[in-house]
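Order of the sequence lines fixes the chain letters, A, B, ..., with proteins taken first and strands second; residue numbering starts at 1 for each chain.
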There are 2 protein chains.
Amino acid sequence: MAFSIGELARRADVKVPTIRYYEQIGLMPETFRTEGQQRRYGKPAVARLAFIRHARELGFEVDAIRTLLLLQDEPDQPCAQADQIAKARLKEVDQRIASLNALRRELHKMIEGCACGRIGECRVIETLADQTHSHREWK
Amino acid sequence: MAFSIGELARRADVKVPTIRYYEQIGLMPETFRTEGQQRRYGKPAVARLAFIRHARELGFEVDAIRTLLLLQDEPDQPCAQADQIAKARLKEVDQRIASLNALRRELHKMIEGCACGRIGECRVIETLADQTHSHREWK
DNA sequence: CTTGATCCTCTAGTGACTAGAGAGATTACG
DNA sequence: CGTAATCTCTCTAGTCACTAGAGGATCAAG
């Protein structure tokens with residue numbers, strides 16, 4: 001039922017020291033320990049940790065992830081902030097999807113054009129450079 | 001025609017020391033200088049820098065960006081590697097889009113549900129946690 | 001030709017890990 | 001039960017991609 005930090009690392013595909021680091025900065029809660037002070041975890045820790053990993057891979061900062069986890073941790077809190085946080089994240093997510101789609105199209109074109117031996121007119125830079133300043137105001 | 005590093009920073013929306021840093025690590029080419037050793041840039045620098053900024057925002061590592069810029073810099077190189085690089089990036093981009101879409105749906109649901117005063121069943125974690133290990137093998 | 005903004009280099013600090021040392025805990029086998 | 005192999009513990013230091021600051025030079029406007 002309860003497993004070690006190494007097992008958790010394997011299950012969530014995150015390195016052991018990273019887990020300890022996440023505990024230190026408060027992303028993962030402090031967990032219970034054995035007599036000899038070794039950490040033991042249950043299944044929820046796997047989901048939470050896997051979530052953090054994915055969110056990081058998607059480029060969210062730890063602070064943003066913290067707020068997302070807060071929504072999860074306290075589902076009964078009044079909507080005001082939660083709604084605001086969710087909306088801000090949504091906006092960011094939409095922008096990222098749009099940018100990635102633009103890049104996707106360009107890469108696709110490059111691969112297509114590749115059939116004839118040369119990359120040819122490569123417009124990767126223009127694709128991403130020309131997205132007229134989409135400043136995200138939340139941090 | 002030629003402008004300063006501060007002007008470049010404004011146009012590409014990147015901080016001045018970051019530009020110098022990019023030059024140092026070879027993402028931005030060394031540029032010409034004034035008598036007094038101050039850097040001067042032309043328009044292409046703006047596009048390149050804006051591209052780097054966007055790519056970084058999308059979570060690409062500097063090394064990945066370097067390879068993308070290489071495609072741009074040498075459009076006549078034989079297809080073999082270029083094609084491979086483009087394909088690897090495309091795969092990654094597709095995965096990111098998929099993950100972001102999943103997160104998007106969840107956030108949307110949360111905001112919808114918010115109308116009635118509570119967040120209720122929040123499944124943000126499950127959304128991103130359950131994406132069965134999508135190891136990217138390129139670095 | 002001065003003055004204030006901008007630029008130079010260099011060193012050091014930040015966030016988010018990642019690696020390593022040295023010591024203690026746990027588990028698996030005989 | 002003993003002991004060897006394999007974790008795990010804490011702590012310090014290193015990495016990557018910036019970011020900030022000191023101390024001084026240069027530039028452009030008046």
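Taking the salt bridge (Lys or Arg N to Asp or Glu O under 4.0 Å) definition, one finds that Arg40(A) meets it with nothing, sequence neighbours left out. For Arg104(A), the salt bridge (Lys or Arg N to Asp or Glu O under 4.0 Å) partners two or more places apart in sequence, or in a different chain, are Asp94(B).
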Using a cut-off of 4.0 Å between protein heavy atoms and nucleotide atoms, how would you tag nucleotides 4-24 of chain D 5' to 3' with B, S and -? ----SBB------BBS-----
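Comment: Glu61(B) does not engage Arg66(B) in a salt bridge, judged by the lack of any side-chain N to carboxylate O separation of less than 4.0 angstrom.
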Applying salt bridge (charged side-chain N to carboxylate O under 4.0 Å, His left out), run through Glu7(B) and Arg10(B) and close with a yes or a no. CA-CA 5 Å; Glu7(B) 183 58 27; Arg10(B) 239 164 282 125; 2.7 Å; yes
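Using a 4.0 Å cut-off, no side-chain N or O of Thr34(A) falls inside it from OP1 or OP2 of dA25(C).
Atom-to-atom, CZ of Phe3(B) to C1' of dT6(C) comes out at 16 Å; the value is rounded to the nearest Å. Atom-to-atom, CD of Glu35(B) to P of dC7(C) comes out at 18 Å; the value is rounded to the nearest Å.
For the pair Arg11(B) and Phe3(B), the cation-pi test (distance below 6.0 Å, angle within 45°) is passed.
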